[in-house]
Amino acid sequence: MYIPFENIPTESRIWIYQSNRKFTDDEVAEIENDLIEFLNNWSAHGASLESSFQLKYNRFIILTVNQEVHATTGCSIDASVVFIQNLEQKYNVDLLDKMNVAFKQGEYITYKTLLEFKKLAKEKAVSENTIVFNNLVTTIEEWSENWEVPAMDSWHSRFF
């Protein structure tokens, strides 16, 4: 069951899917509607999952589940991945490739392969202070504190 994001506890589990391109405002509106419909029907072993989402920067889809109410299962996680795969096809985007890096260059968000990011680090085109998106965070609390961080404070630090 969909509930507003601000009503989900901070210890709730999250999954972050980053797009290889920015969604248009019209696409964001469609995706939000699709997400609400999906979350209203998302369940684990017949039990409704208290869930929500955020769409950040027209590029990141953040799904969350309050696992205190009911935990996700393999089947429910699979259902969310199928939903994301359907979005990939519908909008011709890549949302599941974890070998890509998104980072800020001023107010602009740049998306590069991991190899390209390593090269940029070696060339000093990005630095330890470059703001990166640490999509490995697993709770809302971690997301709010450690998602947009300087590269030196995330797993990206190994490239410097």
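Note that these values count all heavy atoms, side chains included, but never hydrogens, waters or copies made by symmetry. Along the sequence shown, residues are numbered consecutively beginning with 1.
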Next on the checklist: Taking the side chain as everything from C-beta on, heavy atoms only, tell me whether I61 gets closer than 4.5 Å to L95.
Outcome noted: yes
Checklist entry - Going by distance alone, is a donor N or O of one side chain under 3.5 Å from an acceptor N or O of the other, for E128 and S157? => result no
Checklist entry - Shortest non-hydrogen contact from S154 to H156? => result OG-ND1, 2.5 Å
Checklist entry - Taking only residues two or more places apart in sequence or in another chain, which ones pass side chain to side chain donor-acceptor pair (under 3.5 Å) with N92? => result none
Next on the checklist: Let me check something: do M152 and I131 share a hydrophobic cluster, defined by ILVMFWY side-chain heavy atoms less than 4.5 Å apart, either directly or through other members?
Outcome noted: no
Checklist outcome for this item: Value for CG (L115) from NZ (K119), rounded to nearest 0.5 Å, stands at 10.5 Å
Checklist entry - Would you say the side chain of W15 lies within less than 4.5 Å of the side chain of T64, judging by non-hydrogen atoms? => result no
Checklist entry - Members other than V137 in its cluster, when Ile, Leu, Val, Met, Phe, Trp, Tyr link by side-chain heavy atoms under 4.5 Å? => result M1, I3, F5, I8, I14, I16, Y57, F60, I62, I109, F133, I140, W143, W147
Checklist outcome for this item: Residue pairs meeting salt bridge (charged side-chain N to carboxylate O under 4.0 Å, His left out), one or both in residues 82-110, sequence neighbours left out, come to D34-K90, K104-E148
Checklist entry - About how many Å separate CD1 of I84 and CD of Q89, when rounded to the nearest 0.5 Å? => result 12.5 Å
Item to check | Hydrophobic cluster of V69, others only, ordered by chain and residue number, side-chain cut-off 4.5 Å | outcome: none
Item to check | Approximate separation, where rounding is to 0.5 Å, of E37 CD and E32 CD | outcome: 14.0 Å
Item to check | Pairs touching residues 38-49 that satisfy side chain to side chain donor-acceptor pair (under 3.5 Å), sequence neighbours left out | outcome: none
Item to check | Residue pair A151 / S127: nearest heavy atoms and the distance that separates them | outcome: CB-O, 3.8 Å
Item to check | Side chains of D78 and V82 in contact at under 4.5 Å (non-hydrogen atoms) | outcome: no
Checklist outcome for this item: Distance col, row S12:OG vs E68:CD, nearest 0.5 angstrom, shows 7.5 Å
Checklist outcome for this item: Heavy-atom closest pair (S52 atom, P4 atom, distance to 0.1 Å) is OG-C, 3.5 Å
Checklist entry - Can N135 and Q18 be counted as having a side-chain donor-acceptor contact under 3.5 angstrom? => result yes
Next on the checklist: Connecting only ILVMFWY residues whose side-chain heavy atoms lie within less than 4.5 Å of each other, what is the rest of L114's hydrophobic cluster?
Outcome noted: M99, V101, F103, F117, L120, V126, V132, L136, V149, W155, F159, F160
Checklist entry - Which residues satisfy the side chain to side chain donor-acceptor pair (under 3.5 Å) test with T138, sequence neighbours excluded? => result E142
Checklist entry - Which residues pass the side chain to side chain donor-acceptor pair (under 3.5 Å) test with N66, sequence neighbours left out? => result E50
Checklist entry - Looking at residues at least two apart in the chain, or sitting in another chain, which of them share a ring pair (Phe, Tyr, Trp, His ring centres under 6.0 Å) with Y17? => result none
Checklist entry - Is N20 close to N100 at the side-chain level, that is, under 4.5 Å between some pair of heavy atoms? => result no
Checklist entry - How far apart are the C-alpha atoms of T24 and N58, what are their side-chain angles, what is the distance that settles it, and do they pass the side chain to side chain contact (heavy atoms under 4.5 Å, CB included) test? => result CA-CA 7 Å; T24 67; N58 286 31; over 6 Å; no
Item to check | Between Y2 and F53, ring centroids under 6.0 Å | outcome: yes
Item to check | ring pair (Phe, Tyr, Trp, His ring centres under 6.0 Å) involving Y111 - partner list, sequence neighbours excluded | outcome: none
Next on the checklist: Whether the side chain of S51 engages the backbone of L49 through a donor-acceptor N/O pair (distance < 3.5 Å, no angle test) should be reported.
Outcome noted: yes
Checklist outcome for this item: Across all chains, not counting sequence neighbours, the side chain to side chain donor-acceptor pair (under 3.5 Å) partners of T113 are E116
Next on the checklist: Grouping I, L, V, M, F, W and Y whenever their side-chain heavy atoms are under 4.5 Å apart, do L96 and F83 come out in a common cluster?
Outcome noted: yes
Checklist entry - salt bridge (charged side-chain N to carboxylate O under 4.0 Å, His left out): which pairs involve residues 8-23, sequence neighbours left out? => result R21-E27
